[in-house]
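Report on the following structure.
Each chain gets a letter, A, B and so on, in the order the sequences are listed, and its residues count up from 1.
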Amino acid sequence: MAHWLVKSEPEAYSWQQMQKDKKTGWSGVRNYQAANNMKAMKIGDTCFFYHSNEGKEIVGIVSVSKLYHPDPSDEDGKFGMVEMSAGKSFKTPVTLAEIKVHAKLKDMAFVKQSRLSVSPVTADEWKIICGLGGVK
DNA sequence: GCCAACGTTGGC
DNA sequence: GCCAACGTTGGC
């Protein structure tokens, strides 16, 4: 099973909203690299849910509940979307500042490419961050 | 609010 | 197909 990190601005779509919705279509991605990452997702893959701009912290876990399929909101038909289901909330959000000073986490893809909205997470990084966040 | 990083667009 | 100009993202 693979792991990922997805970003969302709380103003656009917050973790609170995600939990309320239970599941949501992850549409609106208009970046090829991010779209390629979504294409590689399998049902049951888990993703960290990161709040960008406001908060700048990982607040919970979601899982892939529908594979990559065309995004109806993309008129050109170039980009697709997946569906995410809400999972556990972090007991303690893991902040970007924390990640940046952690020897094992500071080279994470989403730190290095701050503009990429969907990025891969290694098994090690997954374990460490779950530990910091207080979830298993 | 500013600015760096980076992806995209369009002229040649 | 290259590259300059421009727009967007996101951290600070």
Closest nucleotide among [options] to the [X] side chain:
| X | options | value |
| --- | --- | --- |
| A/Tyr32 | B/dT8, C/dG11, B/dG7 | B/dT8 |
| A/Arg115 | C/dC12, B/dG7, B/dT8 | B/dG7 |
| A/Lys56 | C/dG11, B/dG7, C/dG10 | C/dG11 |
| A/Gln33 | B/dT8, B/dG7, C/dG10 | B/dG7 |

Review point. Are A/Leu132 and A/Leu105 side-chain neighbours, meaning at least one heavy-atom pair lies under 4.5 Å?
Key: yes

Check your understanding: Quick one: are A/Met108 and A/Ile129 in side-chain contact, heavy atoms under 4.5 Å?
Key -> yes

Check the distance between [N]'s [atom2] and [X]'s [atom1] and give it to me in whole angstrom.
| X | N | atom1 | atom2 | value |
| --- | --- | --- | --- | --- |
| A/Asn31 | C/dG7 | CG | P | 18 Å |
| A/Lys106 | C/dG11 | NZ | P | 19 Å |
| A/Leu5 | C/dG10 | CG | C1' | 14 Å |
| A/Phe79 | B/dT8 | CZ | C1' | 10 Å |
| A/Ile58 | C/dG11 | CD1 | P | 11 Å |
| A/Tyr50 | C/dG10 | OH | P | 9 Å |
| A/Glu9 | C/dG10 | CD | C1' | 8 Å |
| A/Asn53 | C/dT9 | CG | C1' | 8 Å |

Review point. Does the side chain of A/Glu9 come under 3.5 Å of the side chain of A/Ser52 through a donor N or O and an acceptor N or O?
Key: no

Check your understanding: With sugar-phosphate meaning primed atoms plus P, OP1 and OP2, does A/Phe110 contact a base, only sugar-phosphate, or nothing at under 4.0 Å between heavy atoms?
Key -> nothing

**Study point:** Touch class at under 4.0 angstrom, heavy-atom based, for A/Leu96 against every strand present
**Key:** sugar-phosphate

Check your understanding: For the side chain of A/Asp45 and the backbone of A/Lys42, is there at least one donor-acceptor N/O pair under 3.5 Å apart?
Key -> yes

Review point. If only atom types and distance count, is the side chain of A/His51 paired as donor or acceptor with the main-chain N or O of A/Val59 below 3.5 Å?
Key: no

Check your understanding: According to a strict under-4.0 Å criterion, is A/Lys100 in side-chain N/O contact with OP1 or OP2 of C/dC12?
Key -> yes

